[in-house]
**Student:** 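Take this structure, written in structure tokens, and hold onto it; I'll ask about it next.
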There are 2 protein chains.
Amino acid sequence: MRNRSVTYLLEATFQALADPTRRAVLDLLRRGSQPAGQIAGAFPVSRPAISKHLRLLRRAHLVREHREGRHRVYQLNPEPLRTVDKWLEHYRTFWTMNLTSLKNFVESEYAKETGKQSSVKPRAKNSKGEN
Amino acid sequence: MRNRSVTYLLEATFQALADPTRRAVLDLLRRGSQPAGQIAGAFPVSRPAISKHLRLLRRAHLVREHREGRHRVYQLNPEPLRTVDKWLEHYRTFWTMNLTSLKNFVESEYAKETGKQSSVKPRAKNSKGEN
DNA sequence: ATATCATGTAACTGTATGGTTACATGTTAT
DNA sequence: ATAACATGTAACCATACAGTTACATGATAT
């Protein structure tokens with residue numbers, strides 16, 4: 001379903017972005033569309049290797065391809081990156097928060113859930129001996 | 001420095017984010033730190049499987065771990081996601097640009113239909129045959 | 001000391017990835 | 001038709017990973 005689609009899209013996208021060569025291909029395509037051979041020429045690996053990278057990028061819909069004579073021109077499609085951006089949204093609040101207050105927040109949440117005292121700050125344990 | 005390079009960090013991060021279970025773990029930790037066992041309890045896979053996921057998340061520095069008695073409490077570390085956010089920046093302009101061109105496209109279509117002038121310059125076709 | 005709990009690691013399996021070279025397919029030029 | 005070009009795919013190899021079960025380690029409680 002939709003939820004499944006987003007999950008799958010994110011999976012394919014992150015997977016595609018995990019490889020430095022593929023990220024470099026995207027960076028390259030930011031400057032403009034290019035045929036496969038020209039893309040391959042920009043990297044120190046074999047042409048078939050790039051062909052396979054392009055396949056993964058296609059699978060993630062990060063690039064589109066159209067034929068132009070005997071060339072296959074690849075074009076950047078930023079759409080999936082927007083999905084990544086949206087996914088990041090949940091976490092953005094975390095780093096805008098001051099790191100110290102984040103730490104406190106997280107630890108107090110843990111304390112609430114477990115009823116246990118977090119080991120960091122307060123030493124006021126009950127009658128138990130410390131150290 | 002342990003921070004080899006942004007490239008390496010991005011690689012480990014995207015790699016870690018590629019798995020839906022690991023993303024779910026992060027989503028869980030957004031609510032608060034938890035010991036490994038409790039995290040594992042939230043998923044339908046075996047505990048060692050989660051343990052390995054946590055190892056990858058650790059490698060990407062997406063979580064931190066500290067011992068608390070016989071528990072190992074895992075805490076979200078959003079820092080690498082900030083790096084991802086920064087990486088996305090290059091592409092963000094891209095999709096806002098796409099939205100802009102889409103807007104222009106829609107407006108020009110509207111103009112064609114109504115004969116109204118829009119902000120998009122009318123294409124002066126050359127002598128080439130048009131159908 | 002011993003049992004129990006919490007957790008990581010080893011060993012193993014099946015699958016995917018990243019790389020290579022060799023080959024197939026389709027397009028353009030002669 | 002044929003040669004040359006652009007590109008993808010197959011076959012193969014090594015490595016990584018996601019999952020499993022069995023085992024090792026370390027902390028608590030008795």
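Predicted model, so just to flag it, every value in this text is computed and none were measured. Just so we're on the same page: letters track the sequence lines, and every chain starts at 1.
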**Student:** Whole Å only: how far is the CG atom of B/Leu17 from the P atom of D/dC17?
**Tutor:** 14 Å
**Student:** I'd like to know if B/Arg47 reaches the base of C/dG8 with its side chain, counting only an N/O donor and acceptor under 3.5 Å.
**Tutor:** yes
**Student:** Using a cut-off of less than 4.0 Å, is there contact between a side-chain N or O of B/Arg22 and OP1 or OP2 of D/dA18?
**Tutor:** yes
**Student:** Between A/Arg59 and C/dT17, is there a contact of a side-chain N or O with OP1 or OP2 at under 4.0 Å?
**Tutor:** yes
**Student:** If you pin B/Glu65 and A/Arg72 to their nearest nucleotides in DNA chain C, which one's is more 5'?
**Tutor:** B/Glu65
**Student:** Between atom CZ in A/Arg23 and atom P in C/dT17, what is the gap in whole Å?
**Tutor:** 16 Å
**Student:** Of the listed nucleotides (C/dG19, C/dG26, D/dA27), which one gets closest to any side-chain atom of A/Arg70?
**Tutor:** C/dG26
**Student:** D/dA18 C1' sits how many Å from A/Phe14 CZ, rounded?
**Tutor:** 19 Å
**Student:** What is the distance, to the nearest angstrom, from the CZ atom on B/Arg58 to the P atom on C/dG8?
**Tutor:** 6 Å
**Student:** So which nucleotide from C/dA22, D/dG19, C/dA6 ends up closest to the side chain of A/Pro48?
**Tutor:** C/dA22
**Student:** Send over the distance from A/Ile50 CD1 to D/dA6 P, rounded to a whole Å.
**Tutor:** 16 Å
**Student:** Starting the side chain at C-beta, find the nucleotide from C/dG8, D/dT20, D/dT28 nearest to B/Ser51.
**Tutor:** C/dG8
**Student:** Looking at D/dT7, C/dT17, C/dG8, which one has an atom nearest to any side-chain atom of B/Ala36?
**Tutor:** C/dG8
**Student:** Using a 4.0 Å heavy-atom cut-off, does A/Phe43 contact any base of the nucleic acid, only the sugar-phosphate backbone, or nothing at all?
**Tutor:** nothing
**Student:** If we only count heavy atoms from C-beta on, is the B/Tyr74 to B/Val25 side-chain gap below 4.5 Å?
**Tutor:** no
**Student:** With no hydrogens and no angle check, is any side-chain donor or acceptor of B/Arg59 less than 3.5 Å from a backbone partner on B/Ala16?
**Tutor:** no
**Student:** Tell me whether the side-chain N/O atoms of B/Tyr74 come closer than 4.0 Å to OP1 or OP2 in C/dA6.
**Tutor:** no
**Student:** What integer distance in Å separates B/Gln38:CD from C/dC5:P?
**Tutor:** 17 Å
**Student:** Quiz question: going by heavy-atom distance under 3.5 Å, is there a donor-acceptor pair between the base of C/dG8 and the side chain of B/Lys52?
**Tutor:** no
**Student:** Among C/dT9, C/dA6, D/dT9, which is the nearest nucleotide to the side chain of A/Arg55?
**Tutor:** D/dT9
**Student:** Pick the nucleotide of DNA chain C nearest each of B/Leu54 and A/Leu56; which residue has the one closer to the 5' end?
**Tutor:** B/Leu54
**Student:** Quick check for you: to the nearest 0.5 Å, what is the distance between A/Thr21 atom OG1 and A/Ile39 atom CD1?
**Tutor:** 12.5 Å
**Student:** Quick check for you: among D/dG8, D/dT20, C/dT7, whose closest atom lies nearest to any side-chain atom of B/Pro35?
**Tutor:** C/dT7
**Student:** Could you check how far CD1 of B/Ile39 sits from C1' of C/dG8, rounded to whole Å?
**Tutor:** 14 Å
**Student:** Can we say B/Arg30 and B/Asp27 salt-bridge, meaning some charged N sits less than 4.0 Å from an Asp/Glu carboxylate O?
**Tutor:** yes
**Student:** Within the structure, does a side-chain N or O atom of A/Ser46 lie under 4.0 Å from either OP1 or OP2 of C/dT20?
**Tutor:** yes
**Student:** Is any side-chain N or O of A/His53 closer than 4.0 Å to OP1 or OP2 of C/dG19?
**Tutor:** yes
**Student:** Just to verify, which of A/Val63, A/Leu56, A/Leu62, A/Leu17 counts as forming a side chain to side chain contact (heavy atoms under 4.5 Å, CB included) with A/Arg22?
**Tutor:** A/Leu56
